[in-house]
Undergrad: 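Could you have a look at this structure, given as structure tokens, before my questions?
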Amino acid sequence: MTTLEDRVRAAARAAADTVADDSAPPLLLRPGGRRLGWPARAHARHPWIVPCAAAAAVLVLVAASIVVARAVAPRQTIPATGPGLATPLPLTADGLPAYFLVIPSGYQQAGAEPGNQNEGVGPIPGRFSSHETLRVVATATGKTAATATLPGYVTEIAASRGAFFAAVVRGGAATFFEIRLNDGRTATTVTELPIPPDTAPLEFMAASPDGGKLAYSTLVMHGAEGDVQNLVVASTTDDNAREWVTPARDSQGSMGPMNWLADGRTLAFSWTGPSETSPSSSLRLLDTTASGDDLMASRAVLPLVTTAGAVDGYSISPNGKVVVGTAGGPRTGVVDGVRVPAGSVLAFSAATRTPSILYRPLVDPAKGQMAYCNDVPLWISNSGREVLIDCYHQRAADGAKAVVSVVLLGGGHPTYLPWLAATGGETTAFPGIVAIMAMPSPPTEPTPAPSH
Amino acid sequence: MEPKLMDARGPARSQRTDARAAVTALYQAHAVGLIRLAVVMLGDRPAAEDVVQDAFAGLYRRWNHLSGQDRALGYVRASVLNGCRSRVRARVRDERLAEATATLSPVASAEQAALIGEEHAAVLAALRRLPDRQREALVLRYYLDLSEAEIAASMGIGKGTVKSTTSRALTALGRLLEESR
């Protein structure tokens, strides 16, 4: 027995002893065994809150279940066929999609905290109800063009060229809706899609460019291996759907965000195996028209760890030629003989795997400056030459307060779109790609672009 | 109290027990032990509770499809390990954002240090910097006192791999602790 082993044993037991006997909260089981997919709490709770929060959570879930059940019953009849495909929306002068969809980030600021008097009262608890009303935002101005109210908690969103999509959790299952801007683009029409409800928790969702198919990943139980990933591709116009499963040998892997190629049949997703250096950890392309249901029959395009560094996940341009990711973690890489700082946006040729640096973050500790770009771009143009991404900047002049910049990278030059920075901390869906944005403290006002 | 989850079987022996009652009973018998395991892995009580709740919800969902319901505890423990792994990965992403925003102070670490002492907090902090497999191997070996065969079954790896993983983990842990001095 070595001293180190003793230290591990003692430390683990000390940590375990902070959990008192009989202190487990009640088990919350829902029909179908699914817990609702509330977003992860952004901040740790104080220990004394836990028992109160657990009790309050029971009240919230029961109240929400009853009220939601009343609000949506009788359930809308699933049409034999769904809506026809939407006409593509226009582009901005910069070639960006003219509109994108936002889930407001207000659930933390809605006023209801565990134990708060707002818990368990009202039709839907305030901290969750904000997730039912989505905003369609004009990219050129950052202003809300229209809103869409969904009949339950929105857990995922996606966008095609002409419409937006939302997965809504109600009654323990996810149902799917199309959100279409009306002709005047000042209002929306929300239509339930004929996709069969799914009781598995959704992780990521992506709409095909024409809006004819929705792909979503789920977590399902698989033998004794725990949760594994499944992928469903469902038609938005009828109830046809296909499912791919993770083989047992890859049960320790997980999918990241995904996006469709322009051909409308190839789905790209990042896969992380047991570690980032596992052979399976890569961007993968799945031909959704090919036979079979093996998720790992997809083709590996680019490893997550390359000479340019390590990324958590990639996105690929709709034409399939350019792969984009953000370097991070301790494994710094080199491109053209120059070290790649963490937070740099990398672009690779899908054919040759040759890397280049699209964006090098500003890092100047002496001035208290640093920046970091998000893992997943908001949007990539068809050619991959333009990338919209959100980056976080912190400067001494801001009093150590971080700000978000939404940056359009084109031809190696960043253009800052400060009016879109107000969406920091929210989940957005641009046509063609799904972007997950999450940061603990969004800025209170748009900020000028950092000078370079 | 010495944790020894492998020996406990609880009411899951009965193949035809009502799923809700069986899973609830299993939860009542083992939730605290599994929350403790998750707390060791994550250092975050709320997150640990969430992971355990998710694991039991998944067990309930798959109850009628289990090949052997007497293996339910092993099944749910594997789910807890998977859940912890996912949380750690998510936390790494969050911490990268926090580095940029400097808005997340290490409250959890500070609270834990106050509760369990600096020495233990330092060891746990280093433990949580290890790769998933190495961290799990050390916790299963030195916290749950599982045998190599039991660890291999829990992690889905060979016994030889358990030995080498544990050895590498101790080496890496020692290095991390030295670096943090």
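To find a chain, count down the sequence lines: A is the first, B the second, and so on, and within it residues start at 1.
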Undergrad: Go through it in stages, so that I can follow the logic: the residues are B/Tyr143 and A/Arg13, the test is side-chain contact (heavy atoms from CB on, under 4.5 Å), and I'd like the CA-CA distance, side-chain angles, deciding distance and then a yes or no.
TA: CA-CA 7 Å; B/Tyr143 169 60; A/Arg13 287 181 176 165; 4.2 Å; yes
Undergrad: State, without any angle test, whether A/Ser23 and B/Arg45 hold a side-chain donor-acceptor pair at a distance under 3.5 Å.
TA: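 Yes - a donor-acceptor pair under 3.5 Å links their side chains.
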Undergrad: Output yes when a side-chain donor or acceptor of A/Arg7 lies under 3.5 Å from a complementary backbone atom of B/Val123, and no otherwise.
TA: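 Flag not set: sc A/Arg7 to bb B/Val123 has no pair under 3.5 Å.
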Undergrad: Quick check for you: among B/Ile35, B/Leu127, B/Leu81, B/Val76, which has the greatest number of heavy-atom pairs under 4.5 Å with chain A?
TA: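 When all of B/Ile35, B/Leu127, B/Leu81, B/Val76 are compared, B/Ile35 has the most.
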Undergrad: When rounded to the nearest 0.5 angstrom, what is the spacing between OG1 in A/Thr18 and NE2 in B/His120?
TA: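 Output value for this atom pair is 11.5 Å.
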Undergrad: Which pair of heavy atoms, one from A/Ala15 and one from B/Leu124, lies closest together, and at what distance?
TA: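 Of all heavy-atom pairs spanning A/Ala15 and B/Leu124, the closest is CB-CD1, 3.5 Å.
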Undergrad: Does any backbone or side-chain atom of B/Gln28 lie under 4.5 Å from a heavy atom of chain A? Answer side chain, backbone, both or neither.
TA: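 Interface part for B/Gln28: neither.
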Undergrad: B/Leu177 vs A/Leu4, test: side-chain contact (heavy atoms from CB on, under 4.5 Å). Steps then yes/no.
TA: CA-CA 10 Å; B/Leu177 287 169; A/Leu4 187 54; 3.6 Å; yes
Undergrad: Quick one: CZ on A/Arg9 to CG on B/Leu138, what's the gap to the nearest 0.5 Å?
TA: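 The CZ atom of A/Arg9 sits 11.0 Å away from the CG atom of B/Leu138.
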Undergrad: Under a 4.5 Å heavy-atom cutoff, which of B/Val80, B/Val52, B/Val32 has the most pairs with chain A?
TA: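 Looking at each of B/Val80, B/Val52, B/Val32 in turn, B/Val32 comes out on top.
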